Each structure stands twice: as structure tokens, then as C-alpha cells.
2 protein chains.
Amino acid sequence: MTANDFNLSEFLPYKLSVLSSRITKMLSKVYGEEYGLSTPEWRVLVHVARREKMSVREIHDSVYLEKPSVSRAVAKLEKAGLLAKTTCDKDHRLVEIEVTDAGLDLFHGIVPEALAFEAALVSAFSDAERHQLHNLMERLHDVLDMLPNATRRPQMDSERPTALPNDASQPR
Amino acid sequence: MTANDFNLSEFLPYKLSVLSSRITKMLSKVYGEEYGLSTPEWRVLVHVARREKMSVREIHDSVYLEKPSVSRAVAKLEKAGLLAKTTCDKDHRLVEIEVTDAGLDLFHGIVPEALAFEAALVSAFSDAERHQLHNLMERLHDVLDMLPNATRRPQMDSERPTALPNDASQPR
DNA sequence: TGATAATCGTTGCAAGTGAAACGATTTTGA
DNA sequence: TCAAAATCGTTTCACTTGCAACGATTATCA
């Protein structure tokens, strides 16, 4: 019976989970030990840092984080002086979140380290292999999208208008 | 400045994490909603099901789970009648964990569904692409192993002697 | 216009997780 | 032989997470 041959360590969902966990754990040493950020905080900060003012929901839509996680991450980042929060004038339900100078400084310190880690990961890959990896991952997402009860997928970055790096005072 | 170009949605650790989370969430509907298992319980059950008696530490070494998670998963699975726990005669510190008939029944029901899900995931891949995916993942693990402060990697299945399938009364 | 529905961000709460500590047992080594 | 160290599985505790509910605000449309 085929069921008896089931081997967890060769099971793709498990393998992906283990690999992802190991990578996340290693990366978290960069933003965690050195900068005191949690994973949600890291994601929110780097996402907001290169954007215009954003609402919690917009971050929630763009980054793979639950709304409460975004809310709490933003609160902590604000307390740390890395983000600034204001209630929107046009719609008082919304908050406008933007990076501060201190947040941008931290961003500029942390991002090269994160990119170096990513570069180290794929250092042994050829360009073709890197492309292949991204292609295969993309196609796995496509399958998930087709499945019934498909779990939510964060918006692609290109689906939102890319804003200028934060210092510009933008007309509306 | 390169740091300003940082794009979270193209950052490999993030992409892997999102993909892995989506897949795990979909898979958990199989063993969760239908069979009432948590992820640690699912992993422990299917790992033990095709093995001889194992200790908590052996499961911890083989599966990517912390020792407390294994302990708690085993406790719940025992309470559910899916695993049996005995203190080892030779060494009273150890417990011998093995699957019960009920656990094996559940195993035989759940594994085909899990395999079907995995098959659906890679259904659009050629054999070469499947091999390529596993190869790329394996090489990412290799990089992680070389890194300083490398996080623990679970033992390969082949590094432990494969035990007989517990239910010998099932030819075919 | 006004009642209802929808949306926003936050909070409460239950469940899960990881690191450390613990008692029990075995191994080590003087 | 026996005290110290190591190992085992469990438990404790602080922390995180996801879901639902909430108050506040805005949108809908009869």
C-alpha cells in the first residue's frame, strides 16, 4: 500500500516548512539580535520605509501578516520612534503610517545585511537557477490560487503604485 | 543607494516564508479539519507510524519540532488512542512510543489525502522541474549548514535505520 | 435624510511556542 | 564505589498569534 511508503522528510510541504523556518531563524538574528526587531516589525518597517503614508489595512494587504499583527508591530515601531502614526484627515477611521528619520537610518543599516544574507544563500546558484527557483515558487502559488478555499495571497508589489522614497512631500 | 531598492516581496526569505505558510495552511485543512490534528501531531504521527518504537528525543532529532512540542503532541495523540507510550525497561528515562491500530487506521486514511495534495501542488511540474526544486532546496540547506551559528537541521531519514512498517498484516 | 451596512484599527482571549528549569534516571570518572 | 555530570521527558513561564468582537467612523440606498 502506498500509504506505508509515506516519508515525511521527502514530503514537499514539510521540506518547504523546514527550509523556510531555518532561513527565517537565521535572518532573524540580523534584525532581532542586532536591531531588536521581531519578524512582523521587520516586515512592516521595510515595507513602509520605501512607501508613502500607508494604512494598517494596506500593510495587511501587501505583507503576509494578520491585521492584529500589523497593528501591534506598528505600535511597537512607533514607540521605538521608527514610525510615525497620524489619523487621516479625510477619513478618521484610517491611520497614516510613515517612516521617521530614525526608522530610515535603521533601514539603511539593516537592509544591506539582509541583502548580504540573501546573496549568501543563493551564492552557489547560477543566474538560471535563481530564476528557476523563483519561477517554481511562483507556479506553486498559482496552484494554491486555483485550489478551493484558497488561502489569501499578499498583493504583488507591482499591483500597488510604487511611491517615492519617503522624503518627498507629495501633492494629492 | 541600493538600500532604497529593497523590495520585500522579492526577498527570498520572505517569499519562501509566505509560500510555506500558504501551503502549510492548506495542508492543515486536511489533517486539521478532517482529523483534528495539529501540525506537530500530524508530523509526529506520520513519522512514528512507519517506525519501530521511538523515544521523544529520537522524534525531536528526526522531525523539525522542539522537544516540548513533541512531548505535548505525543501526550495528545496518546490520549486520542493513536499512539501508545511505555517507559523503556532498559532505561527508565526513556519512553517507547509506537502507533496503535487506531493510529494506523487514521494514518492510512490521511496519507493518501496528503499525497494527493502534494501531487496537486507539483502537478504542473515536469519530472525535471520536480528534481530541480528539490535540488535547489537541498543546496539552500547546504549553505545554511555552512553558516556560523547554523540552526539545527533535522536528521535525514536515511540516517536512521528504517524500521518495518508497523502493520505487517497488510500485504500488497 | 436616516437607518442599516460596511470598514477601520484595536483589544480580549484562548491556544500555541520556545527557552529554561525541574525531577528522575543513568553515565562518567576519580 | 560514589559524587558529579549528563541525559531524558515534562512542566513552567513569558511571549506570540489568530480569531472574533468591539467602538468609532464612513458608505450605502431606500
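All of these numbers come straight from a predicted model, not from anything done at the bench. A, B, ... follow the sequence lines: proteins, then strands. Residue 1 opens every chain.
Panel note: side chain B:T100, backbone B:G81; a donor-acceptor pair is recorded below 3.5 Å. Between the A:H108 side chain and the A:L104 main chain, a donor and an acceptor come within less than 3.5 Å of each other. No donor-acceptor distance shorter than 3.5 angstrom exists from the side chain of A:S20 to the backbone of A:L16, with no hydrogens or angles considered.
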Ignoring hydrogens and angles, write down the donor-acceptor pairs under 3.5 Å from the side chains of residues 109-123 of chain B, residues two or more places apart or on other chains.
| from | atom 1 | to | atom 2 | distance (Å) |
| --- | --- | --- | --- | --- |
| B:E113 | OE2 | B:Y35 | OH | 2.9 |
| B:E118 | OE2 | A:L12 | N | 2.8 |
| B:S123 | OG | B:A120 | O | 2.8 |

Distance-only donor-acceptor hits, side chain of residues 67-74 of chain A, under 3.5 Å, sequence neighbours excluded:
none

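Between A:W42 and A:Y31, the ring-plane angle classifies as parallel under the 30° and 60° cut-offs.
Mapping heavy-atom proximity under 4.0 Å, the span of DNA chain C touched by chain B runs 5' to 3' from C:dG16 to C:dT26.
Taking the C1' atoms of five terminal pairs at each end of the helix from C:dT1-D:dA30 to C:dA30-D:dT1, the two resulting helix axes are inclined by 10°, rounded to 10°.
We find that A:R153 and A:E138 are joined by a salt bridge, their nearest charged nitrogen and carboxylate oxygen being less than 4.0 Å apart. Using a 4.0 Å cut-off between charged nitrogen and carboxylate oxygen, B:E129 and A:R139 count as a salt-bridge pair.
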Report all interatomic pairs (protein N or O, nucleotide N or O of nucleotides 24-28 of chain D) with separations under 3.5 Å.
| from | atom 1 | to | atom 2 | distance (Å) |
| --- | --- | --- | --- | --- |
| D:dT26 | OP1 | A:H92 | N | 2.9 |
| D:dT26 | O4' | A:R93 | NE | 3.4 |

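As judged by a 4.0 angstrom heavy-atom cut-off over every strand, A:S55 is placed among residues touching the sugar-phosphate backbone only.
Put simply, the side chain of A:R43 reaches to within 4.5 Å of the side chain of A:Y64, judged on heavy atoms.
Within residues 69-81 of chain B, the residues having any heavy atom closer than 4.0 Å to DNA chain C are, in order of number, B:S69, B:R72, B:K76.
Between atom CG of residue B:L94 and atom CD of residue B:E58 there is a gap of 8.0 Å, rounded to the nearest 0.5 Å.
Put simply, CG on B:L65 is 15 Å from C1' on D:dG9, counting in whole angstrom units. The distance from atom CZ of B:R57 to atom P of D:dA6 is 16 Å, rounded to the nearest whole Å.
Taking the nucleotide of DNA chain D with the nearest heavy atom to each of A:S38 and B:P68, the more 5' of the two is matched to B:P68.
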